[in-house]
Amino acid sequence: MLSVLITKLVATALVVIGVSLSVGRLGPRLGGILAGTPIILGPGYYFMLQERSVPFLQEAALATLHALVATLAFSACFITATGRFGLAASLALASACWLPLALGLSLLPGGVTVALLVYAAALLAAETIRWALRLRQSVVVARAGWFDLVLRGLLAGVVVAVATTVAAGSGPMLSGILVGFPVGLFTIGWTLHQRYGADVARATVGIAQKGMLSLVAFAAVLAWTVDWLPPMATFLASLLASVLVSLLLFLVSQWRYRSAGGHLPIHTRDPEP
């Protein structure tokens, strides 16, 4: 089992680091679309599709949808707490919000349709909180440091390896929840807070809430198609749905940016050593 764990950890870390590097080098258009792809859910479900049964995968994908609802609570808690507390306390509080909610929502009846309705309501609430806090709508353009890339890659690798190997023995619910842990928001909040302060970290995490819709599309399509498509076709269909949603979100953001006159403040900095 140890060799399987290490293989999955390394493979996932390489995917996450490779995509993160590509995002910065492909320019804002392609990079923005690529940034919305499921770089953690993708490897996680790629392994599970090879190893697990259809009922397992359907239940795991539903649990992931519930975990993504909890991730909105993570985001709302972080952007609220960071205005009052330090970084460590804010991340701890956000994680403490995520875990019990993800576990509790996994008991929710109704399947994928109900999960999507709950997600829509949670997104509306999270966006309302973001607007109520009047977070500064600034964008930070900075080269990703190797610490950021390695940290995100390792965290993602550990989550995927544990979720698809160790936790899978406890059932699909735990696997689906763990693979939905907000590694991206956690590392974004951590690194941006340390480099640029609480305001930039809060604004960036808040803006990322809508981007999670691409992950929702991935999990929903997987749950809907896994019982009638071959494993690789299921994976590709889920990935395509995620990319299309990410593309749509990017086009909408570009349209809103141009409609506003293209005057969004941009702060360019190199990462600190």
Side-chain angles (χ1 to χ4, degrees), residues 16 38-41 44 59-108 114-115 118-133 135 148 151-164 166-168 170-213 215-216 219:
V16 171
I39 59 175
I40 297 173
L41 288 186
E59 191 172 341
L62 180 59
T64 297
L65 285 172
H66 292 146
L68 291 172
V69 176
T71 297
L72 291 172
F74 176 99
S75 172
C77 184
F78 177 81
I79 64 178
T80 303
T82 311
R84 299 168 180 257
F85 308 107
L87 173 60
S90 299
L91 287 173
L93 285 171
S95 299
C97 288
W98 180 85
L99 181 58
L101 188 57
L103 291 171
L105 286 170
S106 66
L107 304 176
L108 189 70
V114 171
V118 172
Y119 184 90
L123 179 59
L124 178 61
E127 286 293 290
T128 301
I129 292 172
R130 183 171 74 88
W131 282 108
L133 291 173
L135 301 180
D148 304 5
L151 173 64
R152 185 178 299 188
L154 287 178
L155 283 177
V158 168
V159 166
V160 168
V162 171
T164 60
V166 179
S170 300
M173 185 181 76
L174 187 56
S175 288
I177 290 174
L178 283 180
V179 83
F181 180 76
V183 171
L185 291 186
F186 189 97
T187 55
I188 286 170
W190 182 355
T191 56
L192 290 185
H193 191 289
Q194 287 185 321
R195 289 198 181 124
Y196 308 119
D199 288 344
V200 170
R202 295 171 76 201
T204 306
V205 169
I207 290 171
Q209 289 174 168
K210 285 196 284 271
M212 287 169 50
L213 286 168
L215 307 182
V216 173

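For the single chain, residues carry numbers from 1 onward in sequence order. Since the model is a prediction, treat every value here as computed from it, not as a measurement.
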Colleague: Do any side-chain atoms of residues 72-84 form donor-acceptor pairs under 3.5 angstrom with protein atoms, and if so which ones, sequence neighbours left out?
Modeller:
from: Ser75; atom 1: OG; to: Gln209; atom 2: OE1; distance (Å): 2.7
from: Thr80; atom 1: OG1; to: Ala76; atom 2: O; distance (Å): 2.8
from: Thr82; atom 1: OG1; to: Phe78; atom 2: O; distance (Å): 2.5

Colleague: Output yes when a side-chain donor or acceptor of His193 lies under 3.5 Å from a complementary backbone atom of Ala201, and no otherwise.
Modeller: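 Not a single qualifying donor-acceptor pair exists.
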Colleague: Once you round to the nearest 0.5 Å, how far does CD1 of Ile207 lie from CD of Glu127?
Modeller: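 Reported to 0.5 Å precision, the distance equals 9.5 Å.
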Colleague: Check side-chain contact (heavy atoms from CB on, under 4.5 Å) between Leu213 and all other residues, then give those that pass, not counting sequence neighbours.
Modeller: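 Leu213 satisfies side-chain contact (heavy atoms from CB on, under 4.5 Å) with Tyr119, Leu123, Val245, Leu249 once adjacent residues are dropped.
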Colleague: I'd like to know if the side chain of Ser175 reaches the main chain of Thr164, judged simply by a donor and an acceptor atom lying under 3.5 Å from each other, with no hydrogens or angles considered.
Modeller: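 The answer is no, because no donor-acceptor pair under 3.5 Å joins these two groups.
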Colleague: Working note: His66 + Leu107, criterion side-chain contact (heavy atoms from CB on, under 4.5 Å); need CA distance, chi angles, decisive distance, verdict.
Modeller: CA-CA 9 Å; His66 292 146; Leu107 304 176; over 6 Å; no
Colleague: Please tabulate, for the side chains in residues 177-189, all donor-acceptor contacts under 3.5 angstrom to protein atoms that are two or more places apart in sequence or on a different chain.
Modeller:
from: Thr187; atom 1: OG1; to: Arg152; atom 2: NE; distance (Å): 3.2
from: Thr187; atom 1: OG1; to: Val183; atom 2: O; distance (Å): 3.0
from: Thr187; atom 1: OG1; to: Gly184; atom 2: O; distance (Å): 3.1

Colleague: Looking at Ala102 and Ala70, what are the two nearest heavy atoms and their distance?
Modeller: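 Minimum heavy-atom separation between Ala102 and Ala70: N-CB, 3.6 Å.
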Colleague: Here's a test for you: under side chain to side chain contact (heavy atoms under 4.5 Å, CB included), which of Val69, Thr64, Leu68 qualifies with Val216?
Modeller: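 Filter result, single survivor: Leu68.
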Colleague: Listing request: all side chain to side chain donor-acceptor pair (under 3.5 Å) pairs with a residue in residues 95-107, at least two apart in sequence or in separate chains.
Modeller: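 For residues 95-107: Thr71-Trp98.
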